[in-house]
Amino acid sequence: MEWLPDSVLKIAHVLPSYYYIKSNNLLTEIEEINFETLKPVLTNIGGILIFAIVFVIITNMVSKKKSKIG
């Protein structure tokens, strides 16, 4: 991520993989485990969970529409 241009990083914020990679990078830099050092990681995990919930909702909506059509 450090070599990517700013325009690509701005677009990457709408993808869950950005938060996954950012969490992994933060975990490699942690020297002491406590709530303050894990707070950014937990925030990224929360973002990933929100993406998962949105994808499940969209999948359910599409499935219901397909079942009504077919």
Side-chain angles (χ1 to χ4, degrees):
M1 285 186 2
E2 59 197 37
W3 297 303
L4 295 175
D6 289 337
S7 59
V8 174
L9 287 176
K10 287 180 184 178
I11 295 170
H13 279 82
V14 298
L15 301 172
S17 59
Y18 171 82
Y19 298 99
Y20 175 77
I21 293 169
K22 191 170 179 182
S23 292
N24 282 338
N25 290 341
L26 289 170
L27 286 171
T28 60
E29 297 171 1
I30 291 178
E31 294 179 8
E32 183 180 333
I33 297 177
N34 58 36
F35 181 72
E36 290 302 316
T37 58
L38 289 178
K39 194 174 181 180
V41 175
L42 295 174
T43 303
N44 288 332
I45 291 172
I48 294 169
L49 289 174
I50 290 171
F51 275 108
I53 291 168
V54 168
F55 291 148
V56 167
I57 291 171
I58 291 171
T59 301
N60 286 338
M61 289 171 42
V62 170
S63 294
K64 285 181 184 180
K65 285 194 179 226
K66 281 187 175 183
S67 66
K68 286 182 183 178
I69 293 172

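Given the structure is predicted, the values throughout are model-derived calculations rather than measurements. Residues take their numbers from the sequence shown, with the count starting at 1.
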Connected via hydrophobic side-chain network under 4.5 Å: V41 and I21: no
Donor-acceptor list for residues 44-58 side chains, cut-off 3.5 Å, not counting sequence neighbours:
| residue | atom | partner | partner atom | Å |
| --- | --- | --- | --- | --- |
| N44 | ND2 | S23 | OG | 3.4 |
| N44 | ND2 | P40 | O | 3.4 |

Output side-chain donor-acceptor pairs under 3.5 Å for residues 7-14, partner residues at least two apart or in another chain, one line each.
| residue | atom | partner | partner atom | Å |
| --- | --- | --- | --- | --- |
| H13 | ND1 | L9 | O | 2.6 |
| H13 | NE2 | Y18 | OH | 3.2 |

Minimum-distance pair of heavy atoms, taken over all atoms of I30 and T37: CD1-O, 3.7 Å
Qualifying residue, where the test is side chain to side chain contact (heavy atoms under 4.5 Å, CB included) with V62 and the options are K66, K65, K64: K66
Note, L38 side chain near L27 side chain (heavy atom, < 4.5 Å): yes
